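Below is one structure, written out as structure tokens, with a few remarks after it.
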Amino acid sequence: MITKYITAVSTAFSPFNARTGKTVRNFLALLPPNARSKMAIDVKMFGQAEAEKPASLSLKFKDGKEMPLDLEKMKLKDIQTEVDRHSRTLRRAEELAG
Amino acid sequence: MPPRLRLPPSQLRPARPRTQYVCWQCRHASLASATTPAPPLEQTIAAAPPIARYPPTQPPSYKPPEFRKSQLHRQYQSTLRSSPLILLFQHNNLKATEWSGIRRELSAALRKVDDDLAKNAGDNAYVGNGMKLQIVQTGIFASALKVVEFWDPNFEPEASTTHPTDPTTASSTSVEDTKPAARDPGFRHGLSAQAYQAATKNKALKHGLEPLLSGPLALLTFPDVSPQHLKAALSILSPGPDFPAPKRRVNPGYHEKAVHDGVQKLMLLGARVEGKVFDTQGARWVGSIEGGLGGLRAQLVAMLSGIGAGITNTLEAAGRSLYITVEGRRGMLEEEEKGGKEGGEEQPPSPPTSA
């Protein structure tokens, strides 16, 4: 996953939800070790009782685009492809600009 | 002069059939019962356990025991069985320097708690030494947790039920346990085929931690449920409003860049306390118990003694009120009697009534 162009990650989820919690946690595990110095990461965790509360994950990119991701439908692979799709266009623009 | 007979010495012996020489004692060896050592006491009560076909240190394992994953499985089972309080963390790409910094700060904080406890409460257990922050292999840990939760063999070895005088005991009849099958019920170790079957057969059994067991996991294991130590650990690893991180002036080491970055990347997911699953809030609640388990016990004792006093008061109240009423009545009667006597001295005594 190309994480170079992400500037902000904000998420709210419950780790006790087997589906959305797992997706978000795996996404956070994909961020590089120096992610905290490069992007603003805001993680909010719900408890066990609120496991069914809808989780949210939204990203912000360098060009200002905001990308809210629907965790009910998307799994980690889908999120990766979505992020990569936008990141590749950003990378191409950067390369062309020199 | 008599003739000299040259006889071979063998012919000088008395005529007797030449058999092999057997000493006198050995002839009666079959009758010598006194020289047989007595059997050990336990063998006279129950028969000796059947011969094990596997060495006790190497019982048959379901998966090949020389694999690293088998040994990790065994190790995680032992960790789970020996630590009543476990915190689960997700570690997001921590670096080695960050891990070492976090471990250093954690052990320093725990040692401080231990010293405080030893000084103030006289508790010299030094539980903090046994606390360990370790990364686990998630899949193997999940499997080990299942075995620990759902496989409950009888760990006490049963005494042999065969009586020593039973004719089958001394014979070569195969007893059930001596069969060298790996699926023998006699094997009680966590890597046995029995354990594997018990953990994997029933998919409907849930221990509650399943959603947490994915991704990179780290465990903080406590050998004892000690809220003071938990509080110290939480203030280092997952600081929040109720567990503030140590101030920069008090503990400058905690505010180094490596430690600070590492703590940000550790996420507290939940806890397992005495087999029960707690979420983050629950873990914080356990850590916020004032005065630890001793304090909790003191609260309980105070509550129970309060209840006791209340009950005695309630039960006494009826008797006491009766006593007060009766005393009051007696006082009244005495007053009346006194008043009557004072009045009676002036009056002539009443004529005796006919009985």
Side-chain angles (χ1 to χ4, degrees), chain A residues 1-59 69 71-72 74-80 83, chain B residues 87-102 135-136 138-139 142 203 206-218 234 237-242 257-273 276-286:
Chain A
M1 194 171 73
I2 308 167
T3 54
K4 198 179 162 190
Y5 302 102
I6 301 175
T7 54
V9 178
S10 80
T11 174
F13 69 100
S14 166
F16 283 89
N17 189 322
R19 189 182 163 83
T20 57
K22 238 181 235 185
T23 313
V24 175
R25 287 200 294 124
N26 287 337
F27 177 81
L28 290 175
L30 283 178
L31 298 176
N34 59 354
R36 259 82 186 166
S37 56
K38 297 272 175 65
M39 51 183 98
I41 296 180
D42 173 35
V43 178
K44 194 172 176 308
M45 269 201 271
F46 308 141
Q48 200 173 3
E50 299 157 315
E52 295 310 313
K53 208 168 159 182
S56 70
L57 172 65
S58 68
L59 310 176
L69 295 156
L71 293 169
E72 293 301 321
M74 299 168 89
K75 296 207 86 169
L76 187 65
K77 271 267 190 270
D78 311 321
I79 293 176
Q80 274 180 321
V83 171
Chain B
L87 290 184
L88 283 102
F89 290 92
Q90 171 168 347
H91 58 98
N92 295 328
N93 293 323
L94 269 78
K95 290 177 183 166
T97 51
E98 294 165 352
W99 273 122
S100 66
I102 287 175
I135 297 175
V136 291
T138 309
K203 303 254 187 237
K206 295 279 174 210
H207 50 67
L209 271 180
E210 287 96 354
L212 299 187
L213 297 178
S214 77
L217 273 193
L234 281 177
L237 296 175
S238 162
D242 26 349
K257 189 173 181 303
V259 181
H260 198 70
D261 287 353
V263 167
Q264 278 186 335
K265 286 189 271 186
L266 271 185
M267 295 191 327
L268 177 63
L269 296 179
R272 182 178 186 268
V273 187
K276 290 187 192 63
V277 177
F278 283 73
D279 56 0
T280 318
Q281 292 303 317
R284 285 174 197 281
W285 172 76
V286 173

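Model, not experiment: these values are computed from the prediction.
- With a 4.5 angstrom heavy-atom cutoff, A:I41 does not touch chain B via any of its atoms.
- When only modelled atom types and interatomic distance are considered, B:Q90 and A:R25 share a side-chain donor-acceptor pair under 3.5 Å.
- Ranked by non-hydrogen atom pairs under 4.5 Å with chain B, the options A:P32, A:S14, A:P33 are led by A:P33.
- The existence of a salt bridge linking B:D261 and B:K265 is excluded, since no basic side-chain nitrogen approaches an acidic carboxylate oxygen closer than 4.0 Å.
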Legend entry - Derivation of the side-chain contact (heavy atoms from CB on, under 4.5 Å) call for A:V43 and A:F13: CA-CA 8 Å; A:V43 178; A:F13 69 100; 3.7 Å; yes
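- In this structure, chain B has a heavy atom under 4.5 Å from the backbone of A:L31, while its side chain stays farther away.
- Residue contact with chain B, scored on non-hydrogen atoms closer than 4.5 Å, is absent for A:F27.
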Inset, instruction - Go through the steps to decide whether B:L237 and B:L87 satisfy the test side-chain contact (heavy atoms from CB on, under 4.5 Å), and finish with yes or no. - result: CA-CA 10 Å; B:L237 296 175; B:L87 290 184; 5.5 Å; no
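- Sparse packing is recorded around NE2 of B:H260, with 12 or fewer heavy atoms of other residues, nucleotides or ligands lying under 6.0 Å away.
- Proximity to chain A (any heavy atom under 4.5 Å) is restricted, for B:L213, to the backbone atoms N, CA, C and O.
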Legend entry - Residues B:L268, B:L234; criterion side-chain contact (heavy atoms from CB on, under 4.5 Å); working and verdict: CA-CA 9 Å; B:L268 177 63; B:L234 281 177; 3.7 Å; yes
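- Top candidate by heavy-atom pairs under 4.5 Å with chain B, chosen from A:A18, A:A29, A:G47, A:G21, is A:A29.
- Ranked by heavy-atom pairs under 4.5 Å with chain A, the first of B:L94, B:L212, B:L209 is B:L212.
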